[in-house]
Structures are given as structure tokens and as C-alpha cells.
Amino acid sequence: MTHHAALWAAVNRIAEINNISCSCLARKCKLDASTFNRSKHFSTCGQPRWITTETLAKVLIATHTSPIEFARILQDFLDKE
């Protein structure tokens, strides 16, 4: 798994842990409901779109997830490489 894929998988896992969909997570972060859609992970020319630190901070705040907990979740996906 690439670092890009692992990062998005970790965000999806945060939604799963909180028993909400990715669109619900986006709304909870006061973002457009389609923000975390898989189709938005890459640009139209195939370049990876990375989640911004601001958006990641919103995810952590909205779900009461500590940065350390997020790092552990991310590391679990990175270890699958």
C-alpha cells in the first residue's frame, strides 16, 4: 500500500470506528459531503490528491481522535506494504 493509499485508508478507518460513512464524516467536519469520496483521491490527470493538514485536523477534532491514535491507525496500513 502506498503512503497516499494508507493515509486515505486511515481516514476511512476513523469513519468506520465512529460508525459513520465518509460523507457523514465530511459533514461532521463541516466540509462538502463528497470531500472524502474515492473519486476525489486523484485529480482528473491521475495525480494523487493528498488530504491537507487542516482537513486532517478537522477529522481528528470532529471524531475526538488523538494524533497518536491516528498515527497508530496509519501505521497499521503502512505495515501492510
Side-chain angles (χ1 to χ4, degrees):
M1 181 174 283
T2 66
H3 287 73
H4 176 261
L7 182 61
W8 283 109
V11 171
N12 292 340
R13 180 71 182 120
I14 293 293
E16 187 179 297
I17 289 168
N18 286 274
N19 296 313
I20 56 177
S21 66
C22 288
S23 60
C24 184
L25 175 60
R27 287 191 306 271
K28 192 170 181 154
C29 294
K30 305 212 183 321
L31 301 168
D32 182 270
S34 66
T35 299
F36 300 132
N37 285 1
R38 291 192 192 279
S39 62
K40 301 243 177 142
H41 294 188
F42 292 91
S43 69
T44 54
C45 61
Q47 291 290 92
R49 284 191 178 145
W50 293 84
I51 190 169
T52 66
T53 52
E54 181 180 11
T55 299
L56 183 56
K58 288 179 181 183
V59 168
L60 300 183
I61 291 166
T63 60
H64 306 286
T65 303
S66 74
I68 292 172
E69 184 179 354
F70 181 77
R72 286 185 187 128
I73 293 167
L74 177 59
Q75 189 62 53
D76 286 344
F77 287 105
L78 291 171
D79 288 344
K80 293 179 182 179
E81 290 185 341

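Residue numbers run from 1 in the order of the sequence given. Just so you know, these numbers come straight off a predicted model, no measurement behind them.
R49 and H4 make their closest contact through O-NE2, 2.9 Å (heavy atoms, listed as atom of the first residue, atom of the second, distance). Contact detail for W8 and W50: the closest heavy-atom pair is CZ2-C, 4.4 Å. The nearest pair of heavy atoms linking H41 to N37 is CD2-O, 3.2 Å.
The OG1 atom of T35 lies 9.0 Å from the NZ atom of K58; values are rounded to the nearest 0.5 Å. Atom NE2 of H3 sits about 8.0 Å away from atom CG of L74, to the nearest 0.5 Å. One distance of note links CD1 of I68 with CG of L60; it measures 11.5 Å at 0.5 Å rounding. Annotation: the span from L31 atom CG to S23 atom OG amounts to 12.0 Å, rounded to 0.5 Å. Remark: N12 CG to F77 CZ distance equals 7.5 Å, nearest 0.5 Å. Annotation: the span from S34 atom OG to R27 atom CZ amounts to 10.5 Å, rounded to 0.5 Å.
Hydrophobic clustering (ILVMFWY, side-chain heavy atoms < 4.5 Å, transitive): V11 and I17 are in one cluster. Note: the hydrophobic cluster containing I51 does not contain F42 (ILVMFWY, side chain heavy atoms under 4.5 Å, direct or indirect links). I20 and I61 end up in different hydrophobic clusters when Ile, Leu, Val, Met, Phe, Trp and Tyr side chains are linked at under 4.5 Å.
A side-chain donor from one of D79 and Q75 sits under 3.5 Å from a side-chain acceptor of the other. When only modelled atom types and interatomic distance are considered, T63 and K28 share no side-chain donor-acceptor pair under 3.5 Å.
Taking a cutoff of 4.0 Å between a charged side-chain nitrogen and a carboxylate oxygen, E69 and R72 do not qualify as a salt bridge.
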- Task: Determine, step by step, whether V59 and T65 satisfy the side chain to side chain contact (heavy atoms under 4.5 Å, CB included) criterion, reporting the C-alpha distance in whole Å, the side-chain angles of both residues, the deciding distance to 0.1 Å, and the verdict.
- Result: CA-CA 8 Å; V59 168; T65 303; over 6 Å; no
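L56 is listed as a side-chain neighbour of F70, based on a closest heavy-atom distance under 4.5 Å. I73 is listed as a side-chain neighbour of I14, based on a closest heavy-atom distance under 4.5 Å.
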